[in-house]
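Basis for what follows: all heavy atoms, side chains included, without hydrogens, waters or symmetry-related copies.
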Amino acid sequence: MLAQLKRFAGDSLIYALMSVGTKIIAFIMTPFYSKALTQDEFGALGVIDSTLSIISFLVIFGTDSALAYYYMEAKDLKKKEAYVRNVMTFRLLVAGVMTVVFILFGEQLSDIVANSPSFYFALQISMITIILDTINVLILTVLRFDFQSSRVAVLTFTKIALIAAFAYLYLTYVDQSLNGLMYSRLLSALLILVFTFSEVWKYVRPQIDLSIWKEILIYATPLVPASLAFWIINSSNRYIVFLFESKAAATSVNAHLVPIFAFASVVTLFTYGIQMAWRPYSMKLKDREDAKELFAKVYVVILALGLLAVIVITTVSPWLMSFADPEYWDGYKYIGFFSLAGFLNFFYLIVTVGMFIQKKTGKVTTAFLIASVLNLVLNLLLYPNFKIWGFVISNNITYLFVLLYLYRYSQSIYQVPAKTGKLGFMLLQAVLTIGAITYIQTNDLPWFWIVLSWLYFLGSLLLIRIDRDLRIKA
């Protein structure tokens with residue numbers, strides 16, 4: 001067991017280092033974009049990226065989870081290749097059809113998406129990029145399943161670095177507009193295809209095996225509504241703003257949300273590495289006699305480390321936001337709790353391992369469908385009076401609901417001896433600590449009170465003897 005944990009930790013570290021590199025580049029470029037683009041373009045960037053995320057969900061159509069299961073289960077290399085080629089064919093068909101739609105109806109879709117027809121070309125460039133990224137993402141997925149962690153990390157980091165380099169050069173010397181940024185994404189996607197040419201040639205050739213499509217889609221389809229609901233939870237706020245604000249005010253709010261969400265996503269420096277390594281390793285460990293005990297310890301350790309990461313982000317949030325255009329600086333006060341919401345959304349993937357082992361993923365759809373309705377209602381009710389704080393409250397309540405709902409179900413079909421009371425206590429102490437630090441910062445109180453907040457949280461971990469969960473027998 002210890003050897004497996006070491007390998008899991010090693011791959012998690014590699015992915016985490018990759019995430020650190022990519023996030024550092026993103027943190028550098030977000031302030032650059034806030035200064036290089038007009039407020040209209042900067043606000044449109046956030047809305048367009050939100051739109052592209054739902055398109056990516058539809059292209060993937062839940063096949064990532066299905067492929068993870070069947071690829072790891074297949075013992076024959078030709079069978080593994082067949083699964084990948086069929087998934088690749090499916091995704092490219094979906095991406096191709098959507099790209100044609102955006103080319104034919106670009107201005108109308110731009111007006112719907114970004115509240116202006118003037119961004120249609122940026123949308124069309126992005127759709128072509130999605131086709132290329134569809135290939136890139138699946139290649140990286142296969143490399144991850146084959147435990148080629150270092151190569152996945154290098155390629156991902158290279159792509160982000162290329163986007164940053166091309167964006168800087170294009171926006172500085174060629175075209176200081178949103179189109180220039182989209183061109184940089186397109187060029188980086190093309191270069192990554194060159195770097196992975198051998199795998200691209202192997203898997204991009206079309207293959208339609210109806211028996212494989214049936215297997216993949218039966219497993220994947222229940223996850224699709226969950227993906228759509230997930231998008232609603234994460235992105236509907238950008239569109240809800242248009243319902244309550246004038247066009248100028250809505251543009252301003254959406255422009256403010258871009259750096260807030262970018263810096264709140266610092267939490268993925270912790271979660272991304274674990275998430276990338278967790279699925280293949282959890283599937284590999286599921287047949288061990290001591291798997292459930294191992295999972296229980298992982299739940300506690302990951303929660304503790306994740307909450308510490310969120311508190312760190314909350315503490316440094318004013319400093320992070322200082323890199324953006326001064327117009328957006330006051331958004332720092334939302335970063336801590338948005339980070340917490342992001343972590344809760346990640347943590348449900350850890351504590352619901354039983355659903356994926358038992359291949360009973362239908363509840364994910366139910367949970368996220370209910371959560372998406374809950375999120376929309378809360379956003380509509382809270383935004384008029386609380387503005388961005390309304391979105392903060394809504395996201396945290398929504399993801400907490402998903403976590404509790406799916407955790408309870410997963411436990412009912414695959415009992416992990418987790419200490420639920422301890423997990424809940426840790427989360428409560430983190431909420432109190434994040435709230436205290438945010439209050440201290442917004443009221444410009446002495447830094448000494450932030451130190452006391454930290455000591456309070458660390459003391460709460462010692463109180464529940466978390467050290468016992470860190471002891472893992474070989």
- Query: Donor-acceptor pair, E41 side chain versus L178 backbone, under 3.5 Å?
  - Reply: yes
- Message: For G96 versus I131, what's the shortest heavy-atom pair and its separation?
- Response: CA-CD1, 4.3 Å
- Is there a side-chain contact between V364 and Y348, using heavy atoms and a 4.5 Å cut-off? yes
- Message: With a 4.0 Å cut-off on N to O distance, would you call K387 and E245 a salt bridge?
- Response: yes
- Heavy-atom check, side chain of Y299 versus side chain of V353, under 4.5 Å: yes
- Heavy-atom donor-acceptor pair, R185 side chain to L181 backbone, under 3.5 Å: no
- Message: Per the ring pair (Phe, Tyr, Trp, His ring centres under 6.0 Å) rule, what does the pair list look like for residues 96-139, sequence neighbours excluded?
- Response: none
- Query: Can you check whether F42 and Y33 have ring centres sitting under 6.0 Å from each other?
  - Reply: no
- From S188 OG over to F166 CZ, what is the distance, rounded to the nearest 0.5 angstrom? 7.0 Å
- Does the ring centre of F391 sit less than 6.0 Å away from the ring centre of Y383? yes
- Note on the structure: Nearest heavy-atom contact between L303 and L423 is CD2-O, 3.4 Å
- Atom OG1 in T134, atom CD1 in I139: separation rounded to 0.5 Å? 11.5 Å
- Message: Assess the residue pair Y407 and T420 against the criterion (side chain to side chain donor-acceptor pair (under 3.5 Å)); give the C-alpha distance rounded to whole Å, side-chain angles, the decisive distance to 0.1 Å, and a yes or no.
- Response: CA-CA 10 Å; Y407 172 71; T420 305; 2.8 Å; yes
- Look at the side chain of D111 and the backbone N and O of E107, then say whether any donor-acceptor pair between them is shorter than 3.5 Å. no
- Query: Closest heavy-atom contact between A122 and I48?
  - Reply: CB-CD1, 4.4 Å
- Message: Show, in sequence, the C-alpha distance, side-chain angles and deciding distance for S177 and L37, and conclude whether the side-chain contact (heavy atoms from CB on, under 4.5 Å) test is met.
- Response: CA-CA 6 Å; S177 71; L37 302 176; 5.6 Å; no
- Message: Side chains of M88 and I135, heavy atoms from C-beta outward: is any pair under 4.5 Å?
- Response: yes
- Mind listing the closest non-hydrogen atom pair of D133 and A189 along with its distance? OD1-CB, 3.7 Å
- Task: Supply the atom-to-atom distance S235 OG to D49 CG, rounded to the nearest 0.5 angstrom.
- Result: 9.5 Å
- Item | Aromatic contact, Y83 with Y203 (centres under 6.0 Å) | no
- With a 4.5 Å limit on heavy-atom distance, are the side chains of D64 and T141 in contact? no
- Message: Within the 4.5 Å heavy-atom criterion, are Y405 and K363 side-chain neighbours or not?
- Response: yes
- Query: Measuring from F261:CZ to H256:NE2, what's the distance to the nearest 0.5 Å?
  - Reply: 13.0 Å
- Please walk me through it: do V258 and N254 pass side-chain contact (heavy atoms from CB on, under 4.5 Å)? CA-CA 7 Å; V258 173; N254 277 322; 6.0 Å; no
- Query: For the side chain of S372 and the backbone of I232, is there at least one donor-acceptor N/O pair under 3.5 Å apart?
  - Reply: no
- Task: May I have the step-by-step check of side-chain contact (heavy atoms from CB on, under 4.5 Å) for L376 and I240, ending in yes or no?
- Result: CA-CA 9 Å; L376 278 173; I240 285 174; 4.0 Å; yes
- Message: What I'd like to find out is whether the side chain of T352 reaches to under 4.5 Å of the side chain of Y409, using heavy atoms alone.
- Response: no
- Just how far is it from atom CG of L140 to atom CG of L155, taken to the nearest 0.5 Å? 5.5 Å
- Is there a side-chain contact between N396 and L400, using heavy atoms and a 4.5 Å cut-off? no
- Message: I'd like to know if the side chain of S410 reaches the main chain of L406, judged simply by a donor and an acceptor atom lying under 3.5 Å from each other, with no hydrogens or angles considered.
- Response: no
- Regarding D209 and S211, is there a side-chain donor-to-acceptor distance under 3.5 Å anywhere? yes
- Query: Any side-chain heavy atom of L138 sitting closer than 4.5 Å to one from L67?
  - Reply: yes
- CD1 (I388) and CG (L257) are apart, to the nearest 0.5 Å, by 5.0 Å
- Can you check side chain to side chain donor-acceptor pair (under 3.5 Å) on Y399 and N234, steps first, answer last? CA-CA 10 Å; Y399 283 127; N234 278 282; 2.5 Å; yes
- Distance-only, no hydrogens or angles: does the S265 side chain make a donor-acceptor pair with backbone N or O of A262 under 3.5 Å? yes
- Task: Taking all heavy atoms of M182 and all of T129, pick out the closest pair and write down the distance.
- Result: O-OG1, 4.4 Å
- Task: Please check if the side chain of T63 supplies one atom and the backbone of I60 the other of a donor-acceptor pair under 3.5 Å.
- Result: yes
- Query: Minimum heavy-atom separation for I233 to A371, with atom names?
  - Reply: CD1-CB, 3.7 Å
- Item | Lys/Arg cation over aromatic Y414: K292, 6.0 Å, 45° cone | yes
- Let me know which of V377, N379, L378 forms a side chain to side chain contact (heavy atoms under 4.5 Å, CB included) with N375. N379
- Message: One pair to check against side-chain contact (heavy atoms from CB on, under 4.5 Å): V142 and Y71. What are the steps and the verdict?
- Response: CA-CA 9 Å; V142 174; Y71 189 89; 3.7 Å; yes
- Task: Answer yes or no: is there a donor N or O on one side and an acceptor on the other, between the side chain of W231 and the main chain of S50, under 3.5 Å?
- Result: yes
Donor-acceptor contacts under 3.5 Å from residues 337-347 side chains, at least two apart:
from	atom 1	to	atom 2	distance (Å)
S339	OG	A264	O	2.9
S339	OG	I335	O	2.9

